[in-house]
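Quick caveat, the model's predicted, so the values are computed rather than measured. One-based numbering, in listed order, for ligands and for the atoms of each.
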Amino acid sequence: MSRPFLVGTSPAVLREWAKSHDLPAFRGTQIADWVYKKGIVEPERMNNLPLPVRELIGNEFLAPGTAVTETAGSGDGTEKLLLTLQDGETIEMVLIPAEERLTFCLSTQVGCPVQCRFCASGRDGLIRNLAAGEILEEFLLGCSRAGRRPDNLVFMGIGEGLLNFRELAATLEVLSSPEGFGMSPRRITVSTSGYVPGMLKFAELEREFTLAISLHAPDDETRSRLIPDKLRYPVAEIMAAADLYLRKAGRMVTLEYTLLEGFNDTPPHARALGALAVRHRCKVNLIPYNSTGGEFRRPSRQAIREFEETVAAAGAHVTVRVERGAKSVAACGQLRTRAKHPDS
Ligand code: SF4
């Protein structure tokens, strides 16, 4: 991939590019307007540019290479898209409309090296990282599917985004810069499985992005039964990195907690989680598990309510994720897994 992606190339660079080809700088501005104001990256659609300029763009930048190849909707409007990349690999993104707000859930890697035991996305491990241009194309395909820009973005799709830090940081810059897509960093959430080196780098950006930690267990022993050793960090180190993030970014961190019957849903787990959240000034978001047909089960409604009440009784701010897309192949990675392993 020696040619750059058009999306992700800044307006300033596009103006320099125009000048370097003996074109007036405003041609660069026109191209940037197509990409960042209209969300259009195909040069043939840039109809205020002379044909030779459109051809030049086609020769010097990568043609958009990602396409929607399958969709799965559910009755509540949530829609999951299977996207096929230029090299034939697949990722997923989800469009989630709720109360007049639209959220996109984006992927950052093809497959995932963390391989949490309850997650279909990690089943085959990491295939490769996504380039920033690919993540931005994912964003644009969602915009074109929805017919508008999202209000919120969450990087909670396939992959551990902080293990692809350079491309993720470049993506966040384009999404949030006024010269790019101009989104408020507060409306962009990056989720991590607790990859501490990435959390420390993310804190050093000192930007107001939202950080969500997929903790899933308040203690190392329970966590070790859910997340393999190779990329699992001690809870104490994860929480120290969360403290740093609060200091540097000035944003409260959210602890995401997938509730799995019989694994992490007991009263002692709830009390420990509540205490951890209060001590580190974090919010808690409980996610009742969506079955992938494996060894894990979703707790009963009663058990979920009792867990929530126990966390709240510790003094923590706690919410339960509203279930969306339950009737579609909704859990992270399931659409892609079905495409890759049609017999499973
Ligand atoms: S839950 Fe997230 S970090 Fe864990 S395997 Fe799935 S995509 Fe990777």
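Atom numbering of ligand 1 starts at 1 in the shown order; those under 4.0 Å from a heavy atom of Ser193 are 3 (S). Close approach of ligand 1 to Gln115 is summarised as follows: ligand atoms under 4.0 Å from at least one heavy atom of the residue are 5 (S). Each of the atoms 3 (S) of ligand 1 lies under 4.0 Å from some heavy atom of Val114.
Residue contacts to atom 6 (Fe) of ligand 1: Cys119 brings an N, O or S atom closer than 2.8 Å. Within the coordination shell of atom 4 (Fe) of ligand 1, defined by N, O or S atoms under 2.8 Å, Cys116 is present.
Residue nearest to atom 2 (Fe) of ligand 1, selected from Gly161, Ser214, Gly159: Gly159 (by heavy-atom distance).
For the residue pair Ser107 and Glu92, no side-chain donor N or O sits within less than 3.5 Å of a side-chain acceptor on the partner.
Residue Trp34 forms a side-chain contact (heavy atoms from CB on, under 4.5 Å) with just one option from Ile57, Leu6, Val41, Asn48, and that option is Asn48.
Of the possible donor and acceptor atoms, none in the side chain of Arg186 sits under 3.5 Å from a partner among the backbone N and O of Thr210.
For Arg45, the salt bridge (charged side-chain N to carboxylate O under 4.0 Å, His left out) partners are Glu42, not counting sequence neighbours. In this structure Ser144 satisfies the side-chain contact (heavy atoms from CB on, under 4.5 Å) test with no other residue, sequence neighbours excluded.
A 6.0 Å sphere centred on NZ of Lys37 holds no more than 12 heavy atoms belonging to other residues, nucleotides or ligands.
Ligand 1 lies nowhere less than 4.0 angstrom from a heavy atom belonging to Glu160.
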